[in-house]
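Model, not experiment: these values are computed from the prediction.
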Amino acid sequence: MNINFEDIPKHEVSIRSLKTLEKVMFAQDEYGIKKYNHPLNYTQKYDWLAMFTEEMADALKYIQCEIDRKEEVIQLLNASLRVSNPQDYVEAALNLLTVEGTGK
């Protein structure tokens, strides 16, 4: 069965996701070339499955950290609704939401 992807409806969230993925992938390409002096290539002597497993393990930890951050922000904002001066809670929530790069 051949699928003609041109005939499939394009959803805005998918289009944005693909654009984000493309941007990140090309940035990772540049980062890798700067770090290792060559692009990623299957002929390199790496255990690609082990590397994938390690990256996926890290990805799951990153998602858990983001889930934890979201829960704490929700707790702070809910607490801000119960006090007469919510500024400290809102500032704490904003501080959690303000991120600075990827640590590279």
Return the [atom1] to [atom2] distance between [X] and [Y], rounded to the nearest 0.5 Å.
X: Lys61; Y: Glu66; atom1: NZ; atom2: CD; value: 16.0 Å
X: Lys35; Y: Asn37; atom1: NZ; atom2: CG; value: 12.0 Å
X: Leu60; Y: Ile67; atom1: CG; atom2: CD1; value: 9.5 Å
X: Glu54; Y: Met56; atom1: CD; atom2: CE; value: 12.5 Å
X: Glu12; Y: Ser17; atom1: CD; atom2: OG; value: 9.5 Å

(request) In plain terms, say whether Glu72 and Arg69 are close enough for a salt bridge, that is, a side-chain N and a carboxylate O under 4.0 Å apart. (result) no
Heavy-atom pair of closest approach, residues [X] and [Y]:
X: Met51; Y: Tyr46; answer: SD-CB, 3.5 Å
X: Tyr42; Y: Trp48; answer: O-NE1, 3.6 Å
X: Ser84; Y: Pro86; answer: O-CD, 3.5 Å
X: Lys10; Y: Ile8; answer: NZ-O, 2.9 Å
X: Leu76; Y: Ala93; answer: CD1-N, 3.7 Å

(request) List, by chain and number, the other hydrophobic cluster members for Met25, where Ile, Leu, Val, Met, Phe, Trp and Tyr join if side-chain heavy atoms come within less than 4.5 Å, directly or indirectly. (result) Leu21
(message) For Glu91 and Gln87, which I'm curious about, is there any donor-acceptor pair between the side chains at under 3.5 Å?
(response) yes
(message) Under 3.5 Å, is there a donor on one side chain and an acceptor on the other for Asp68 and Gln64?
(response) yes
More than 12 heavy atoms of other residues, nucleotides or ligands under 6.0 Å from [atom1] of [X]: is that the case?
X: Asp7; atom1: CG; result: yes
X: Lys19; atom1: NZ; result: no
X: Leu49; atom1: CG; result: no

(message) Strictly distance-based, threshold 3.5 Å: is any side-chain N or O of Gln44 a donor or acceptor partner for the main-chain N or O of Pro39?
(response) yes
(message) With clusters defined by side-chain heavy atoms of hydrophobic residues (ILVMFWY) lying less than 4.5 Å apart, directly or transitively, does Leu77 cluster with Leu96?
(response) yes
(request) Among Val73, Val83, Asn78, find the one that has a side chain to side chain contact (heavy atoms under 4.5 Å, CB included) with Tyr89. (result) Val83
(request) Evaluate side-chain contact (heavy atoms from CB on, under 4.5 Å) for Ile3 paired with Phe5, printing each intermediate quantity in order. (result) CA-CA 6 Å; Ile3 298 173; Phe5 290 103; 4.1 Å; yes
